[in-house]
Every structure is written in structure tokens, then in C-alpha cells.
Amino acid sequence: MTTAPELTAEPTALPTSLVKPLFDRGVAGGAPSVPVFAPATGHKIGDLPQSSIADIERAFAVARHAQRDWAKVEVKTRTEIVRRFHDILLAEQNTILDIVQTETGKSRPHAFDEVADVALNSRYYATVAPKLLADRKPRGVLPVLTSVEVHNRPKGVVAVISPWNYPLALAASDALPALIAGNAVIARPDNQTALSALWAIDAAERAGLPRGLWQAVLGRGREIGGEVIARADYVDYTGSSATGRTIAQQAGERLIGYSLELGGKNPLLVLADADVSKAAKLAVRACFSSAGQLCESMERIYIDAAVYDQFVAEFVGNVKNMSLGGELDYSRDMGSLTFQRQLDTVTAHVDDAVAKGAKVLAGGRARPDLGQYFYEPTVLADVAPGMTVYREETFGPVVSVYKVDSDEDAVEAANDTAYGLNASVWSRDVDRAKAVAVRINAGSVNINEGFSAAWGSVDAPSGGLGISGQGRRHGPEGLLKYIDTQTVAVQRVLPIAPLPGMSEQMWAKTMTVVFGVMKTLRQK
Ligand code: NAD
């Protein structure tokens with residue numbers, strides 16, 4: 001275990017005039033505040049107020065009141081607010097990039113991924129929502145005589161419980177479609193990274209979102225998570241698979257819907273015909289974005305024996321060339337880990353692997369000279385079953401390389417996991433790569449890309465198989481999960497029952513003929 005250096009009392013790069021009003025936006029104050037520190041520098045960001053049960057109760061009461069009026073607002077008007085939010089986000093990106101970097105310790109390019117994610121989702125849902133949320137008129141049971149309308153009703157108050165690794169993206173990109181669908185949102189951002197979510201709420205209100213519709217309650221998940229779920233009409237949770245089980249139990253107890261975006265142990269496959277240099281270059285981003293604290297990032301690389309030596313040599317060379325640092329600019333390739341707990345896990349996984357015979361090809365050590373939680377991007381070889389890193393998610397800058405003899409072997413190895421979040425396949429032959437992709441048990445597979453092709457294509461659903469999740473974000477699914485449907489059917493002229501004087505038996509015979517005719521006519 002690495003001991004963190006002494007924290008200093010110097011101010012963070014974020015001005016108090018920004019931090020204090022944002023911290024005060026949380027529905028909190030009833031419980032003692034907690035100090036929050038910037039991971040990369042150790043400087044104190046501020047004292048984050050915490051929510052008592054009374055604070056949570058108040059937040060939900062205000063949200064319910066605001067939601068009743070919001071549900072009556074036209075979808076188009078709601079989407080116009082989200083479009084303005086999109087513009088504020090891009091115009092003020094330097095402020096939110098500073099906040100994200102300061103709270104997480106990540107480098108600026110990886111913080112920008114969050115801005116890009118929220119911009120993509122804002123534009124997408126603002127564009128598609130009016131059509132997706134419009135009432136539908138499906139066919140009635142008796143043509144002409146039965147008419148049907150399907151109305152979409154917001155769930156009510158949606159809880160968005162988000163983690164600390166992508167604090168802007170995971171707080172905002174799930175909340176915005178919920179709001180567009182006519183819900184209120186109670187956010188429970190992680191204490192370490194609450195400022196990013198609070199900034200998003202502030203920006204949305206400046207874009208015209210009525211107050212009270214999107215609020216944050218603040219506190220440790222284990223302490224206030226249950227109180228939030230106890231009052232919500234739907235829960236959207238992002239975090240570990242272990243906590244996901246608890247959330248599912250709590251939601252199940254109340255029979256409310258939920259969506260779980262959980263962990264991964266994602267494989268990257270380099271097939272024999274891959275463009276090896278390109279793969280070795282882009283795999284760096286696929287493995288080390290946000291110092292590997294990205295659910296979609298790659299922790300296992302399976303390389304065909306034909307290109308193993310070349311890929312490993314080039315990949316390791318590229319990893320060794322990465323520059324580490326906490327500067328609030330685009331100068332660094334990778335930043336810091338976010339917590340002592342993360343550093344402990346990374347150190348434990350690497351030390352355990354090395355003790356059991358794994359070889360360190362790059363990295364493999366903490367860098368306290370750069371900051372308390374820095375750890376070098378690490379490549380391991382000779383990793384075997386029995387080592388923790390072989391099967392468990394590290395959620396840090398550690399990737400293992402394995403030699404395989406065929407596409408078949410690569411698929412089998414990739415599927416040797418209970419997770420199923422994301423995968424990546426590299427080949428010059430897209431048809432061959434697609435044939436491999438569809439056999440991998442993962443909710444998304446990127447061909448000749450690590451995660452951004454599928455993740456950034458927000459018109460397509462994103463989510464996990466196996467213990468990586470339940471439900472989807474992105475695509476129509478990412479909006480429609482926040483509504484309930486109501487079917488209203490009108491019967492005209494004739495009842496759906498025997499006509500006067502007709503026996504039940506005659507009615508059954510008549511309907512049997514009608515069913516046959518309808519099938520012949522290929523009616524729905
Ligand atoms: P974690 O489950 O311990 O914590 C995640 C968040 O949940 C924290 O903010 C925590 O306060 C909160 N939490 C903990 N217990 C809770 C409870 N009982 N009720 C409500 N909230 C509770 O996970 P972690 O290790 O801090 O986060 C990293 C994990 O999140 C990794 O497994 C990663 O893969 C996963 N993740 C998944 C996605 C995705 O989209 N699939 C995205 C980001 C992170």
C-alpha cells in the first residue's frame with residue numbers, strides 16, 4: 001500500500017467564488033460537511049455540505065411539485081432548453097474542464113471526452129425526443145371499430161446515482177433524457193466529484209430549466225442511497241456490479257424500474273491481419289483513458305501469434321512514451337488516479353501478478369513524485385489464472401497481453417468472463433472482424449476502435465451483458481426507459497361480445513373465421 005503525501009492547505013486552481021455557490025446548490029446542509037481534495041495536487045477544493053434525511057425529503061417534495069407542471073410543458077419547449085444547455089456547455093467548456101480535471105485528477109483530453117459525450121447526448125435527445133415521445137395510434141382489435149391511442153407518461157422523479165470517474169458525463173447524459181421525457185431528476189453524485197454535477201444543474205437552469213426539476217442530494221452512497229431509492233419512481237445507477245446488486249434489490253422491493261451500468265473486464269483482439277501499428281497506437285487510448293478508470297476501457301489484449309511480437313513491441317513503446325501530469329491543459333497524456341482506494345487496488349493487482357510470475361513490460365509503479373495517486377500506465381505479460389488481475393476488474397491503468405493462435409482462440413478467451421460490457425476487434429478485413437464481433441459476449445463491440453465508435457454513436461443503445469448491467473443508455477432505449485405507456489382504446493358501434501340473440505358458441509365460430517381471414521390477409 002502506498003502512503004499518500006501530506007495534503008497541503010494551498011488553494012486549488014478553482015476559485016472559491018466558483019466552488020462555494022456550486023457546493024451550496026446541493027440540497028444539503030443537514031449533515032456535517034466533508035472536505036474534498038484535488039487528487040492530482042492534494043489541495044483542498046472545499047467543504048461539501050451533506051444531506052440529511054430531511055434534506056432528501058425536501059428535495060423530493062420540491063421535485064414532485066415541479067414535475068407536475070413540467071409534464072404539461074410541450075416536448076419541443078423542453079428540448080429547446082436542452083439545446084441552450086448544449087451551447088452553454090461548449091461555450092464554457094474551459095470552466096467545466098477545469099472542474100472535471102480538478103475533481104478527478106484526469107488529463108484534459110480525457111476530461112474533454114466528457115464534454116463531447118454530454119454535447120452528443122444533448123443534441124441527439126433534443127432532436128429525436130419529439131417523435132419518440134409523441135402519442136401513437138396502433139391498430140385496434142377490430143379494424144375501424146376499435147381505435148387505440150398510446151400515451152407516454154413520465155415516470156415522475158428519477159434518481160440518477162452516479163460515480164466519480166466520469167462525473168460530468170454520467171451525471172448529465174442520463175439526466176437530460178429523463179428531463180426531456182417530462183420527469184424531475186434527483187441526482188446523487190459522488191462526494192469526490194459533486195461539483196461537476198452541480199455545475200451541470202446550474203448550467204441547465206441558466207438555459208431555462210425551471211428550478212427544482214434537477215437537484216442534487218449529497219452524501220455517501222452507502223449512507224443515503226437507500227433513502228433516495230425509497231422515494232424515487234425509477235433509478236438509474238452507474239457503478240460497480242457489487243453495488244448494482246444492492247440497487248436492484250432495493251428497487252425490486254419497491255417494484256420500481258431501474259437501469260444499471262456496471263463494471264467490465266474488456267477484451268481487445270488483434271487479429272492476424274490487423275494494421276498492427278495503428279492498433280498499437282490507438283490501443284493506448286483504449287486502455288488508459290482516465291488512467292483506466294473508465295468502464296469501457298480495455299484490460300485484456302489477445303494478439304494473434306503471427307503479429308504478437310510486433311504489436312507488443314510497438315504498444316509497449318507507445319505506452320512508455322506517455323507523459324503523466326496534472327496540469328490543467330492539453331499537455332499530458334494521462335493524469336492521476338482519483339483515490340487512495342484506487343491506488344491500493346492497482347498496486348495490489350500488479351504486485352500480486354508479479355509475485356506469481358507475471359512480467360512488467362511497461363510501468364508497474366506508483367509515481368508519488370508527480371502526485372499522491374499517480375501510477376504509471378502498465379503492461380503485463382505472462383498473466384495466468386490464479387492472479388487477481390486475470391479475472392477481476394482493476395479499473396486502473398493496467399492491461400495484460402496474451403498470445404492466441406487463432407480467431408477462435410481469441411473469441412474463447414475474450415468470453416472467459418462474467419462481464420460483458422465492451423470489446424474491440426482489429427482487422428483489415430471488416431467482414432472477418434464482424435464475424436468475430438458477433439460471437440463476443442459484450443453489449444458493444446468496436447471494430448478498429450477501442451470504445452469511442454460505439455459509445456459516441458449515441459443513436460445506438462449502450463449497456464452491458466452478464467454482470468455488466470441491466471437496461472441501456474443512448475438510443476431510443478435511453479429515453480423510453482424514463483416513461484410508462486398508457487393505452488386508451490375506444491370501441492364503436494359493435495361491442496366485442498356476441499350480438500343480441502347470438503350465442504357464445506356462434507360468437508366463437510364467427511371470430512374463428514375472422515381470425516383465419518385476418519391471417520390470410522396478413523393483417524397484424
Ligand atoms: P461503487 O459501486 O463502489 O460506487 C459507485 C457509486 O455508487 C459511488 O458514488 C458510491 O457512493 C455509490 N454507492 C455505493 N454504495 C451505494 C448504495 N448502497 N446505494 C447507492 N449508491 C451507492 O463503484 P466504484 O468502484 O466506486 O466505481 C467504479 C465502478 O463503476 C467500476 O466497476 C466501473 O466499471 C463502474 N462503472 C461503470 C460504468 C458503465 O457505464 N457501465 C461507468 C462508470 C463506472
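Whatever order the structure lists ligands and atoms in, that order sets their numbers, starting from 1.
- At the shortest separation from atom 28 (C) of ligand 1 among protein heavy atoms lies F395 CE2, 3.4 Å.
- Distance from atom 19 (N) of ligand 1 to its nearest protein heavy atom, with residue and atom name: G221 O, 3.4 Å.
- Shortest contact from atom 16 (C) of ligand 1 to any protein heavy atom: T243 CG2, 3.3 Å.
- Residue pairs meeting the ring-ring contact (aromatic ring centres under 6.0 Å, His included) criterion with at least one partner in residues 154-196, sequence neighbours excluded, are W164-F339, W164-F395.
- For atom 30 (O) of ligand 1, the nearest non-hydrogen atom of the protein is G239 C, 2.9 Å.
- Atom 41 (N) of ligand 1 has as its closest protein heavy atom L262 O, 2.7 Å.
- Contacts with ligand 1 closer than 4.0 Å are made by side-chain heavy atoms of N165 only, the backbone lying farther away.
- The closest protein non-hydrogen atom to atom 39 (C) of ligand 1 is C295 SG, 3.1 Å.
- Residue S468 places no N or O, backbone or side chain, under 3.5 Å from any N or O of ligand 1.
- For the ring pair (Phe, Tyr, Trp, His ring centres under 6.0 Å) criterion with Y482, the lone passing option out of Y125, Y258, Y234 is Y234.
- Considering backbone and side-chain N/O atoms, L170 never comes within less than 3.5 Å of an N/O atom of ligand 1.
- The atoms of ligand 1 that sit less than 4.0 Å from any heavy atom of R222 are 15 (N), 16 (C).
- Sorted by first and then second residue, the pairs that involve residues 444-464 and meet ring-ring contact (aromatic ring centres under 6.0 Å, His included), not counting sequence neighbours, are W455-H474.
- Looking only at heavy atoms of the protein, atom 8 (C) of ligand 1 is closest to D190 OD2, 3.2 Å.
- Nearest to atom 23 (O) of ligand 1 by heavy-atom distance, out of G263, S462, S290, S240, is S240.
- Note on R64 versus D233: salt bridge recorded, some NZ/NE/NH1/NH2 to OD/OE distance being below 4.0 Å.
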(message) Between V36 and E103, does the side-chain contact (heavy atoms from CB on, under 4.5 Å) criterion hold? Intermediate values first, please.
(response) CA-CA 8 Å; V36 183; E103 290 191 313; 5.7 Å; no

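- Listed by atom number, the atoms of ligand 1 under 4.0 Å from S162 heavy atoms are 9 (O).
- An N or O contact shorter than 3.5 Å links W164 to ligand 1 by distance.
- Considering T394, L337, V346 as possible partners of Q293, the one that fulfils the side-chain contact (heavy atoms from CB on, under 4.5 Å) test is L337.
- For ligand 1, the atoms lying closer than 4.0 Å to a non-hydrogen atom of G225 are 19 (N), 20 (C).
- By the neighbour-count criterion of 12 heavy atoms within 6.0 Å, atom CD of E253 is sparsely surrounded, having that number or fewer from other residues, nucleotides or ligands.
- Within a 6.0 Å radius of CD in E412, no more than 12 heavy atoms belonging to other residues, nucleotides or ligands are found.
- Counted by atom type alone, T243 and S240 present one or more donor-acceptor pairs between their side chains at under 3.5 Å.
- When D55, I224, V217, L218 are each tested for a side-chain contact (heavy atoms from CB on, under 4.5 Å) with Q50, only one passes: L218.
- Around CD of Q250, the count of heavy atoms belonging to other residues, nucleotides or ligands within 6.0 Å exceeds 12.
- Residue Y237 has at least one nitrogen or oxygen atom sitting less than 3.5 Å from a nitrogen or oxygen atom of ligand 1, judged on distance alone.
- Heavy atoms of other residues, nucleotides or ligands lying less than 6.0 angstrom from CG of L90 number more than 12.
- Proximity of E296 to ligand 1, defined as any heavy-atom pair under 4.0 Å, is not found for any part of the residue.
- Every N/O-N/O distance between I247 and ligand 1 stays at or above 3.5 Å.
- R188 counts as a contact of ligand 1, since one of its heavy atoms falls under 4.0 Å from the ligand.
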(message) For I303 and I301: C-alpha separation, side-chain torsions, deciding distance, then whether side-chain contact (heavy atoms from CB on, under 4.5 Å) applies.
(response) CA-CA 6 Å; I303 309 132; I301 305 186; 3.7 Å; yes

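- Residue E261 has at least one heavy-atom neighbour below 4.0 Å for each of these atoms of ligand 1: 37 (C), 38 (C), 39 (C), 40 (O), 41 (N).
- Backbone and side-chain nitrogen or oxygen atoms of E393 are examined, and one is located within less than 3.5 angstrom of a nitrogen or oxygen of ligand 1.
- Any N or O atom pair closer than 3.5 Å counts here, and P163 shares no such pair with ligand 1.
- Atom 25 (O) of ligand 1 has its closest protein heavy atom at R341 NH1, 3.7 Å.
- For the pair E261 and R472, the salt-bridge criterion is not met [side-chain N within less than 4.0 Å of a carboxylate O].
- Ligand 1 lies within reach of R473, whose nearest heavy atom is under 4.0 Å from it.
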